[in-house]
Amino acid sequence: MREDILAKLSKINEEEQKILDGEHKVNKRLYTAFAKEFIVNSHRLMQDGEQISLRRHTRFADFPAHGHNYVEMTYVCAGEVTHVIKHREVKMHAGDVLLLNRHTQHSVRKTREGDIAINVMLATECFHSLASVLPPSSPLSSFMAENIRSNGEAEYMLFSTEGVPPLENLFENLCYAMVGNDITGVDTLKSTVSLILRYFAELPECTITAARHRSDAELLQSRIENYLQTDFRTATLSELADKLGLSVPYLSKRVRELCGATFSRLLQEERFREAIRLLEETDLPVGDIIIAVGYENTSFFHNQFRERYQCSPFRWRKTRRENEL
């Protein structure tokens, strides 16, 4: 990277000067409005309506464990920066890039004057628009899908730009945008980040680590179970396969391996669990309950219910309520 850009990035800012003057720690109020949980809020660091922003990482103090309500991409311009993600140290060197989704909590070890890193903050909708053109088979596409889910998995990806001139130039352009006298437009920043993501997707040799806090098998099992619990009324194996980007035969096999039963059996369990709840907690007619849990064939439901509980749904409800008296 050009020495004049590094020199400008290295200048001590007001926040760092206060740390050096005796505060000794990061002022959380600069980053969040939350009192209990340290979630760095984009509204504190970005202008209203801003989709993408650049900020140099604060040096001279540990940055405590925190999350973000946006996607963060950190690029190390010089020196070293160590992140701690789920008790795992991720040591970055000059030229390394760390991509964190909005579900990931992390902290950053204290850095020295010569440790220079910039944070690229991407609003969720901005990141998705930039990453939507990536090949579906790319790990970045999986990363994007996990980021968009409200209960998605914490995930990060670590890349290296060393020896890849186009990527080195693109990140130098971002750094120049922070210190240059001219104003770089948001469209230019978006185009630059889009190209960076495209290179990462197309050059797998740039990827150092792609990690989730749970294994792929655990994550797949969780997705299967969540789908059945929330969509049991209309759930089908083919729909779930489409959502997960898997073939129906492969998914059917994985469901049996991970969950210990066939998809149809698991679906039936969820539907009958809800049917029992409705029989216990409501006065809905049995016919309405059958429809509410996703069955159209009332005879099938009654036959299955008798096989499970040795009585009709009406008798089951009556007996249960009599026992409660």
Side-chain angles (χ1 to χ4, degrees), residues 86 101-104 128 136-155 210-321 323-324:
K86 197 73 173 180
N101 75 1
R102 65 190 179 96
H103 306 296
T104 304
H128 294 154
S137 59
S138 166
L140 271 172
S141 294
S142 171
F143 181 96
M144 178 184 69
E146 205 57 37
N147 184 70
I148 200 172
R149 295 175 67 230
S150 59
N151 61 339
E153 288 291 312
E155 186 173 2
R212 290 185 180 133
H213 288 177
R214 287 198 284 180
S215 68
D216 287 343
E218 291 172 319
L219 181 60
L220 179 57
Q221 181 178 353
S222 174
R223 287 180 170 178
I224 293 167
E225 292 171 348
N226 288 340
Y227 173 73
L228 288 168
Q229 290 166 6
T230 57
D231 296 334
F232 60 85
R233 293 173 182 84
T234 59
T236 65
L237 183 63
S238 59
E239 181 185 62
L240 179 57
D242 285 341
K243 287 178 178 287
L244 297 176
L246 302 172
S247 70
V248 171
Y250 176 77
L251 178 59
S252 178
K253 177 185 176 183
R254 294 297 282 153
V255 168
R256 290 194 301 273
E257 291 173 347
L258 296 172
C259 304
T262 64
F263 180 86
S264 59
R265 181 66 179 177
L266 293 169
L267 177 58
Q268 192 176 108
E269 292 294 333
E270 287 297 333
R271 287 176 170 176
F272 271 86
R273 186 176 292 113
E274 177 66 5
I276 289 297
R277 187 189 71 79
L278 293 173
L279 285 169
E280 284 185 331
E281 300 178 6
T282 75
D283 293 318
L284 282 172
V286 173
D288 290 349
I289 290 176
I290 293 172
I291 294 172
V293 298
Y295 285 112
E296 296 178 358
N297 188 327
T298 57
S299 295
F300 176 82
F301 178 86
H302 280 283
N303 289 337
Q304 289 296 314
F305 196 96
R306 285 182 179 278
E307 185 177 317
R308 285 166 175 262
Y309 304 106
Q310 290 75 53
C311 65
S312 69
F314 176 81
R315 172 57 60 185
W316 190 95
R317 173 186 269 169
K318 187 173 185 296
T319 301
R320 177 58 64 94
R321 292 186 176 180
N323 291 338
E324 291 176 352

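Put simply, CZ on R320 and SG on C311 are 10.0 Å apart, with the number rounded to the nearest 0.5 Å. From R315, atom CZ reaches atom CZ of R306 across 10.0 Å, with rounding to the nearest 0.5 Å. Taking CG of L266 as the reference point, atom CD of Q229 lies at 10.5 Å (rounded to 0.5 Å). Atom CG of L244 is separated from atom CG of L220 by 6.0 Å, given to the nearest 0.5 angstrom. If you take CD on E296 and CD1 on I291, they are separated by 8.5 Å, rounding to the nearest 0.5 Å. Expressed to the nearest 0.5 Å, how far CG of L251 lies from CG of L240 amounts to 5.0 Å.
By the 4.0 Å N-to-carboxylate-O rule, R277 lies close enough to E274 to be salt-bridged with it. In this structure, E239 does not pair ionically with K243, as no charged nitrogen and carboxylate oxygen lie closer than 4.0 Å. In this structure, R254 pairs ionically with E257, as a charged nitrogen and a carboxylate oxygen lie closer than 4.0 Å.
Here the closest heavy-atom approach between residue E270 and residue R273 is recorded as OE2-NH1, 2.8 Å. Closest approach of A241 and V248 over heavy atoms only: CB-CG2, 4.0 Å. Nearest heavy atom pair, residue R271 against residue A235, reads NH2-O, 4.3 Å. The nearest pair of heavy atoms linking L237 to S252 is CD2-CB, 3.8 Å.
W316 and F305 have perpendicular rings, their planes meeting at more than 60° on a 0 to 90° scale where under 30° would count as parallel.
Counting heavy atoms of neighbouring residues, nucleotides and ligands inside a 6.0 Å radius, atom OH of Y309 exceeds 12 of them. Other residues, nucleotides and ligands contribute more than 12 heavy atoms inside 6.0 Å of the CD atom of E281.
Judged by distance alone, with hydrogens and angles left aside, the side-chain atoms of N147 form a donor-acceptor pair with the main-chain N or O of R102 at under 3.5 Å. The backbone N or O of A154 lies less than 3.5 Å from no partner atom in the side chain of T104, so there is not a single donor-acceptor pair. Remark: the backbone N or O of T236 is paired with a side-chain donor or acceptor of Y227 at under 3.5 angstrom.
Counting heavy atoms from C-beta outward, L228 and L267 have side chains that approach closer than 4.5 Å. For the pair C259 and I224, the minimum side-chain heavy-atom distance is below 4.5 Å. Two residues are said to be in side-chain contact when any heavy atoms from C-beta on lie closer than 4.5 Å; H103 and E155 fail this criterion.
The closest side-chain donor-acceptor pair between T234 and D231, if any, does not fall under 3.5 angstrom. Side chains of R308 and Q268: a donor-acceptor N/O pair is present below 3.5 angstrom, by distance only. In this model, a donor atom of one side chain and an acceptor atom of the other lie less than 3.5 Å apart for E225 and Q221.
The stretch residues 282-294 participates, sequence neighbours left out, in these side-chain hydrogen bond (donor to acceptor under 3.5 Å, both in side chains) pairs: D283-R321.
With sequence neighbours left out, Y250 forms a ring pair (Phe, Tyr, Trp, His ring centres under 6.0 Å) with no residue at all. Shown here are the salt bridge (Lys or Arg N to Asp or Glu O under 4.0 Å) partners of R317, two or more places apart in sequence or in another chain: there are none.
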